[in-house]
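Below is one structure, written out as structure tokens; the observations come after it.
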Amino acid sequence: MKKLAALSLILSMMCGLVACSSNSSSDGGSDSKEEGGSDGKVSINVIAAQYGQNTKSWWEDFVKDFTAEHSDIDLTVEVESWNDIYTVVNTRISNNEAPDILNIDVFANYQADGLLLPAEDFVSKETYDKMYPSFLEQSDVDGTIWAIPDLASARALYVNADILKEANVEIPTTWDELTEACKAIKAYNGDIYPWGIDMTTDEGQAAFAYYTWNNGGGFVDDDDNWALNSEKNVEAIEYAVNMVKEGYTNSDPANDTRYDLQDMFGAGQVAMMIGPNSIPTYIADGGYTVNYEVAPIPTNGGVDSVSAGVMDRFMCFDNEYSDAELEAIKTFFDFFYEDERYSDWVLMEGFLPATSTGGEILAEADESMASWVDIVGSCKFYPTAKTEWDDVKQGVINVEQQALLGGNVKELLDELQNEVAE
């Protein structure tokens, strides 16, 4: 599969100048990346992903607090939705305007094209040492860590306990039980979606993981080679698509994002869905009242249930920084990962911490959070350190969406596997 070939060309053209976006979420910053800038300040610009209702306001407050303590640094933070952030970032890079700092999930393509700095070049040792080693390892390429963990989440099955009770079904543990539960819920109330599925560009790769991992398949084989068209994967995606065709799910999985599903779940319109540990916070912030229970993700029987771990990252583009600029970037991360502030960031949307000190604070503050911290330590993660991951991620989403339109799952996965192997 062709990777971001344009990025390789960009590398030879990069001049180290970074332009700040005019529609950023927080005012401030200078377009100049020369030492000190015209006003004597060092400027830093950040593109950050939007996690939920509170993300933008949190960053706005962060910029105010940071600027108050570090008046010699001009900080700009632009918050972008997950649907838009990949296009925004790649457009900036193609225009020779790479951000200084990027908060996103993928990193390998940027690293492969020589666009990133090693993590230990832009993070102080004190801050670096706070991070869980297992999380840092997710960004390891040939023994070098190229990005640092922002936060994490683990996924589990959420069920509306009242709906299941009224439909006289137990929480399903296998796909057969899940299918029977969906039939019973649909018979009980045809206006309720028994099962929620997100196959959008936001979470379609997560859907692929939920079903393939819990059928003994997955993205790669035991030797870490791509195995996208394995029999287990074909069977898993065919099962998921068939759930849609049978009318057991939300009617538009290619467009209903996880946030849409979470709203439906909170409103009692979806009875069961797989989702992150942040759902309780989302439901509470949305003003919903729902009696829910959390359980392991159903499997196809004969395999242990696998919880999907998702870890997002911060990375720093190699924009030919002066010593003063690198120190300013380290100051940014020291400020962000200050224990209380970082814990506030994680709790804001109900995520899990990527630092040991953050984990200790959250576990002490909320006993239920302690169990999730344990869960995320044993999750499977996406193979994001492989350079093809960005293409694979988009590829499996495309397979799912084409299958929803009637495409043959095996043929689609065969084609994707062949493209990745080229």
Side-chain angles (χ1 to χ4, degrees), residues 52-53 81-84 155-164 166-169 171-172 175-212 214-215 234-276 278-279 282-283 286-292 295 297-298 300 308 393-409 412-413:
Q53 303 101 316
S81 74
W82 281 106
N83 281 335
D84 298 332
R155 309 302 171 92
L157 172 66
Y158 286 80
V159 303
N160 184 311
D162 293 337
I163 292 176
L164 266 62
E166 292 165 5
N168 196 30
V169 297
I171 297 175
W175 288 359
D176 287 343
E177 292 175 1
L178 175 59
T179 301
E180 292 304 312
C182 288
K183 289 179 181 178
I185 292 168
K186 191 172 182 180
Y188 156 70
N189 188 333
D191 293 330
I192 294 174
Y193 297 127
W195 185 245
I197 288 184
D198 174 357
M199 290 182 169
T200 69
T201 55
D202 180 39
E203 282 278 281
Q205 76 285 352
F208 189 88
Y210 299 152
Y211 296 100
T212 61
N214 284 289
N215 193 39
V234 172
E235 182 181 30
I237 301 307
E238 285 180 343
Y239 172 79
V241 170
N242 190 60
M243 291 282 281
V244 180
K245 293 179 178 178
E246 292 293 330
Y248 297 146
T249 74
N250 45 304
S251 58
D252 195 7
N255 289 299
D256 293 333
T257 69
R258 61 173 165 169
Y259 301 111
D260 295 324
L261 291 179
Q262 289 170 188
D263 285 328
M264 293 180 205
F265 183 79
Q269 297 168 343
V270 168
M272 301 178 287
M273 65 173 290
I274 301 170
S278 58
I279 283 183
Y282 187 94
I283 289 174
Y288 299 113
T289 302
V290 56
N291 179 24
Y292 65 87
I297 297 173
N300 195 20
K393 174 183 173 181
Q394 300 305 316
V396 297
I397 293 171
N398 182 62
V399 166
E400 292 168 343
Q401 295 191 354
Q402 291 299 314
L404 289 172
L405 295 174
N408 182 284
V409 173
L412 291 166
L413 286 176

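Heads up: numbering here begins at 1 and tracks the sequence. The analysis underlying the following values was restricted to heavy atoms, covering all of them including side chains, and did not include hydrogens, waters or symmetry mates.
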Just wondering, do Y193 and D256 contact through their side chains at under 4.5 Å, heavy atoms? no

Y288 and D263 side chains, donor-acceptor separation under 3.5 Å: yes

Rounded distance [0.5 Å steps], CD in Q269 versus CD1 in I163: 9.5 Å

Mind checking the CG-OG1 spacing from N300 to T212? Nearest 0.5 Å is all I need. 12.0 Å

For E238 and V409, indicate whether the former's side chain and the latter's backbone hold a donor-acceptor pair under 3.5 Å. no

Non-hydrogen side-chain atoms of M243 and P194 separated by less than 4.5 Å: no

Return the minimal non-hydrogen interatomic distance between A167 and Y188, and the atom names on each side. CB-CB, 3.9 Å

Rounded to the nearest 0.5 Å, how far apart are CZ of F208 and CD1 of I237? 5.0 Å

With the side chain counted from C-beta on, respond yes when Y210 and E203 share a heavy-atom pair under 4.5 Å apart, and no when they do not. yes

Any side-chain heavy atom of W82 sitting closer than 4.5 Å to one from R258? yes

Calculate, to the nearest 0.5 Å, the distance between atoms CD and CG belonging to Q402 and L413 respectively. 12.0 Å

A240 versus I197, closest heavy-atom pair with distance: O-CD1, 3.7 Å

With sequence neighbours left out, the residues meeting salt bridge (Lys or Arg N to Asp or Glu O under 4.0 Å) with K186 are none

T200 and D198: side-chain donor and acceptor closer than 3.5 Å? yes

For Y239, ring pair (Phe, Tyr, Trp, His ring centres under 6.0 Å) partners two or more places apart: W175

Of all heavy-atom pairs between A403 and L412, which one has the smallest distance, and what is that distance? N-CD1, 3.9 Å

Would you check if F265 and Q262 make a side-chain contact, meaning some heavy-atom pair closer than 4.5 Å? no

If you round to the nearest 0.5 Å, how far is CG of L261 from CG of D202? 10.0 Å

Measuring only between side-chain heavy atoms, which start at C-beta, is Y282 closer than 4.5 Å to Q53? yes

Measure across Q401 and A254 and return the closest heavy-atom pair with its distance rounded to 0.1 Å. NE2-O, 3.6 Å

Look up atom NZ in K393 and atom OG1 in T201, then write down how far apart they are to the nearest 0.5 Å. 8.5 Å

Taking only residues two or more places apart in sequence or in another chain, which ones pass salt bridge (Lys or Arg N to Asp or Glu O under 4.0 Å) with K183? E180

Step-by-step side chain to side chain contact (heavy atoms under 4.5 Å, CB included) determination, W195 to I185: CA-CA 9 Å; W195 185 245; I185 292 168; over 6 Å; no

What is the minimum heavy-atom distance between V290 and G266, and which atoms define it? CB-O, 4.0 Å

Identify the two heavy atoms, one from R155 and one from A206, that lie closest to each other, and give their separation to 0.1 Å. NH1-CB, 4.2 Å

Between N189 and E166, is there a side-chain heavy-atom distance shorter than 4.5 Å? no

Do Q205 and I397 come close enough that some side-chain heavy atom pair is under 4.5 Å? yes

